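Naming convention: chains lettered A, B, ... in sequence-line order (proteins, then strands); numbering from 1 in each chain. If you're wondering where the values come from, they're calculated on a predicted model, not measured in any experiment.
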Amino acid sequence: MRARHLPDDRPHDGRNVDPELGALLGEGSHQRVKDLAPSPAAPRSDEVPSLAYEADRGRSYYGLPLLKEPVWRWYVPAYFYVGGVAGAAAALGAAAQLAGWRGSPGPVRQRHPGVEHRLIGRCRLIATAGAGASAVLLIADLGRPARFLDMLRVFRPTSPMNMGTWFLSAFGACCAASTLPHLWPARRPWQRTVSDAAAFGAGVMGLPLCTYTGVLIANTAVPIWHGTRNALPVLFGASGAAGAASLLELWPPGGTGDDVVHRFSLLGKTLELALGEVFAYEARRVPRVARPLRRGASGALWRTAQVLSAAGLAATALSRRGSPLRRTAGLLGTLGALTLRFAILQAGRASARDPLATSEQQRAGRGGAAELTERDRAGASHPALRGVGAGRETEAAPREEHP
Amino acid sequence: MGFFTDTTLCIGCKACEVACKQWNQLPDDGFLFTGMSYDNTGQLGASTWRHVAFVERTTRLPGQGTPRDGTEAGTMAFAPLRPAGQPGTTSLLADFVAPSHIESPVPLGPTQRALSNFSWLMMSDVCKHCERAGCLEACPTGSIVRTEFGSVYVQPDVCNGCGYCVSACPFGVIARREDDGRAWKCTLCYDRLKDGMVPACAKACPTASIQFGELGELRARGAKRVEQLLARGVAEARLYGESALAQPGTEGLHAFFLLCDEPEAYNLPPDPVVPTKHITRAWYAMAASVVGLAALCLGAVAGARRT
């Protein structure tokens with residue numbers, strides 16, 4: 001505690017109270033006192049809470065959640081969608097570049113006044129806009145811009161959120177570098193080279209940006225996310241592709257570009273639907289874990305997403321170039337990909353609220369340490385990742401000494 | 001350093017909860033009556049770093065009873081020094097009244113008979129300070145660190161409120177405070193440890209249910225206690241998370257417990273695992289996905305060009 005100096009003109013008779021004594025100095029004193037507005041009345045229930053224990057005797061504590069619900073608001077699933085779409089669009093643009101198409105306006109444009117470069121241009125625009133929107137959504141979720149920079153304090157492979165911030169930063173820088181030369185009034189050849197190289201870099205960075213979000217939510221204790229950790233990153237990748245294709249269907253580049261978008265859309269949407277099934281299958285291995293996909297708001301969202309995606313795929317398959325049906329397909333696909341993210345977040349919330357999902361999953365030997373022990377016994381190697389100052393290597397032998 | 005919480009000694013007085021709130025100057029939780037037994041806090045949270053759970057059961061805990069049915073409450077649990085199988089009591093009356101008086105059975109009325117099939121389990125819950133901590137490994141800013149005492153500490157000035165640790169904790173301990181936007185949890189009274197004092201909750205516990213000390217010593221104490229309880233017929237007594245062998249998912253806890261029922265009864269996960277233990281698998285799935293997506297893009301472009 002700091003030394004306090006009382007003004008000398010006041011008598012030191014012990015009755016002077018130093019206001020600094022009232023300052024909170026404890027560990028938790030940074031927490032602001034909650035605004036105790038009259039809270040909504042607790043929901044009335046006919047059952048006696050203390051008897052709730054009897055219903056699942058020995059299996060849960062009054063049915064209270066065992067885990068904390070994810071605190072993420074709508075920004076996060078929206079970010080998952082925007083980032084996925086931007087990453088997949090950048091990857092498509094880079095693939096077109098790799099196939100020999102020229103993306104930037106320049107001498108090539110005069111020689112081949114085709115429309116194919118427009119596909120690359122749209123991909124770059126979607127990627128750049130998506131990178132900007134992603135950063136805005138991430139900052140909105142964190143509260144203030146400086147907190148985004150905090151994420152770049154460390155480089156930690158055990159934290160997908162940290163890795164994702166690095167992916168997003170690299171992706172955003174590449175996108176900016178690929179778009180800025182276009183805003184230059186007089187273009188020079190070197191600017192086109194820089195732009196193409198940066199766009200290719202954005203395409204490469206777009207691939208992990210599109211898929212890491214699956215790892216992000218799989219690396220949590222939430223039963224349904226942790227239980228589907230094999231399917232989630234692939235599902236997010238496919239859904240990113242379907243989302244990007246849907247956007248390009250809504251905003252067709254024309255010409256050969258349309259054919260590319262059509263194929264990309266067919267493949268992406270088929271994969272999205274199929275991997276949705278794989279995801280649900282992986283969740284169903286423990287029935288209680290898959291419950292949020294059948295019940296409540298998350299179940300409704302999940303079914304909506306599946307129906308929208310299937311309808312989008314059907315519309316894409318039936319549509320012809322330039323037909324209004326193709327725009328409908330784009331709209332349905334966009335809504336489907338967006339709903340999918342919200343459904344998965346909502347399912348995670350419901351899953352974390354259910355204490356029995358956690359315990360049944362772990363009792364079933366899934367998601368718990370039993371699985372690791374089993375794998376150790378089978379002789380499979382699972383190298384542990386070393387984070388900077390974070391991870392300790394997985395050790396078979398128990399630690400005897402503690403720091 | 002760490003905690004050993006012997007739940008058989010817990011009397012549910014909540015002194016630990018109060019001491020924790022007072023020392024760390026935590027704000028209140030809103031004074032809600034949950035109606036669940038005497039538990040008016042419900043769970044650990046951003047402003048509740050110690051939580052006393054009251055498990056009501058319609059079964060008897062072996063060794064637990066009332067003077068009316070011949071066994072003084074807690075005879076078995078409270079008499080660690082008395083050899084098993086001998087009559088004894090911890091009652092203050094024991095000095096004045098012959099034990100035979102206390103232990104002579106008194107016929108029960110119907111109400112008492114109904115109530116005799118009843119037992120409490122009380123447990124003072126706290127952050128487990130896992131040897132391998134999910135929150136620490138998930139934290140994207142490096143805000144969560146391991147201290148020189150082996151505890152897991154959240155630096156509030158670095159925390160950016162992303163809420164990732166909240167979902168990464170397999171015990172549901174750490175929570176984000178909605179009006180503050182940062183994550184908070186038990187610090188194992190880091191400031192007290194720095195000055196050579198024991199944590200506030202352990203200091204305040206009147207029955208030595210919360211014991212603080214070197215982990216090796218605590219483990220030995222816990223093992224001995226379980227042995228005693230098993231000898232006295234408390235067949236369900238077990239330690240929870242005392243070592244890496246007992247709980248490979250977290251590689252052992254710095255706050256382990258002696259329980260008298262399945263962990264689920266106390267809202268503890270039966271086989272918790274730090275999510276990061278499985279992350280390699282997820283990164284592999286992502287690598288496959290990256291390759292697949294690249295192939296998808298190239299295929300779409302190459303296919304269309306041929307037409």
Side-chain angles (χ1 to χ4, degrees), chain A residues 24 26-33 49-50 58-62 66-68 70-71 91-92 95-96 99 142-143 147 150-151 153-154 158-159 161-162 207 211 215 218-222 229-230 233-234 237 259-260 263-264 267 358-359 362-363 368-370 382 390-392 398-399 402-403, chain B residues 24-27 35-37 43 56 132 137-138 140-142 150 156 160-164 166-168 170 172 175-177 179-181 187 191 215 243-245 248-249 262 264-265 267 269-271 273 275-276 278-282 285-286 289-290 293-294 296-298 300-304:
Chain A
L24 299 180
E27 287 273 356
S29 58
H30 301 292
Q31 297 189 42
R32 274 177 255 138
V33 176
S50 69
R59 294 165 68 211
S60 111
Y61 180 67
Y62 302 119
L66 195 154
L67 300 171
K68 291 274 179 293
V71 292
L92 183 65
L142 295 176
R147 286 182 167 176
D150 279 350
M151 305 275 247
R153 271 182 84 234
V154 290
T158 58
S159 172
M161 191 176 271
N162 176 259
L207 296 170
T211 46
V215 186
N219 185 44
T220 58
V222 175
R229 60 188 169 276
N230 296 316
V234 198
D259 295 338
V260 172
R263 290 172 145 268
F264 190 58
L267 287 168
T358 307
S359 51
Q362 295 181 0
R363 288 276 181 209
H382 48 99
R392 293 182 175 177
R399 289 178 68 86
H402 293 269
Chain B
N24 296 301
Q25 296 174 338
L26 297 171
M36 286 172 303
S37 190
Q43 55 190 335
E56 289 180 22
R132 198 170 154 188
E137 297 194 352
T141 64
N160 72 350
C162 65
Y164 197 30
V166 174
S167 298
R176 191 167 82 170
R177 203 174 156 78
D179 51 0
D180 177 272
T187 62
D191 49 348
L215 275 179
S243 69
L245 266 185
E262 292 191 330
E264 289 99 312
N267 236 10
D271 183 20
V273 66
T276 321
H278 290 138
I279 197 176
T280 324
R281 198 67 179 276
M286 187 190 114
S289 174
V290 160
L293 189 60
L296 186 68
C297 294
L298 285 171
V301 173

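Side-chain contact check for A/K68 versus B/Q43: some heavy-atom pair is nearer than 4.5 Å. Between A/N219 and B/Y164, some side-chain heavy-atom pair lies under the 4.5 Å cut-off.
What you find for A/Y62 and B/S37 is that their closest heavy atoms are OH-CB, 3.1 Å. Contact record, B/A300 with A/R263: O-CD, 3.7 Å, taken as the closest heavy-atom pair. Of all non-hydrogen atoms in B/A285 and A/N230, the two that sit nearest each other are CB-O, 3.5 Å.
If you tally non-hydrogen atom pairs under 4.5 Å between each of B/G161, B/P269, B/P170, B/G181 and chain A, the highest count goes to B/P269. Of the listed residues (B/G142, B/G163, B/S167, B/A168), the one with the most heavy-atom contacts under 4.5 Å to chain A is B/S167. Ranked by non-hydrogen atom pairs under 4.5 Å with chain A, the options B/L293, B/V166, B/T187, B/L296 are led by B/L296. Note: B/A138 leads B/A138, B/A175, B/A294 in heavy-atom pairs under 4.5 Å with chain A.
Listed for the B/S289 side chain is a donor-acceptor partner under 3.5 Å among the backbone atoms of A/P233. Judged by distance alone, the side chain of A/T158 and the main-chain N or O of B/E137 form a donor-acceptor pair under 3.5 Å. Between the A/Q362 side chain and the B/D271 main chain, a donor and an acceptor come within less than 3.5 Å of each other.
Within the 4.5 angstrom heavy-atom criterion, only side-chain atoms of B/P156, from C-beta onward, approach chain A.
Separating the CG atom in B/D191 from the CD atom in A/E27 is a distance of 4.5 Å, to the nearest 0.5 Å. Considering CD of A/Q31 and CZ of B/R177, their distance stands at 5.0 Å, rounded to 0.5 Å. Rounding to the nearest 0.5 angstrom, the gap separating the CG atom in B/N160 from the CE atom in A/M151 is 5.0 Å.
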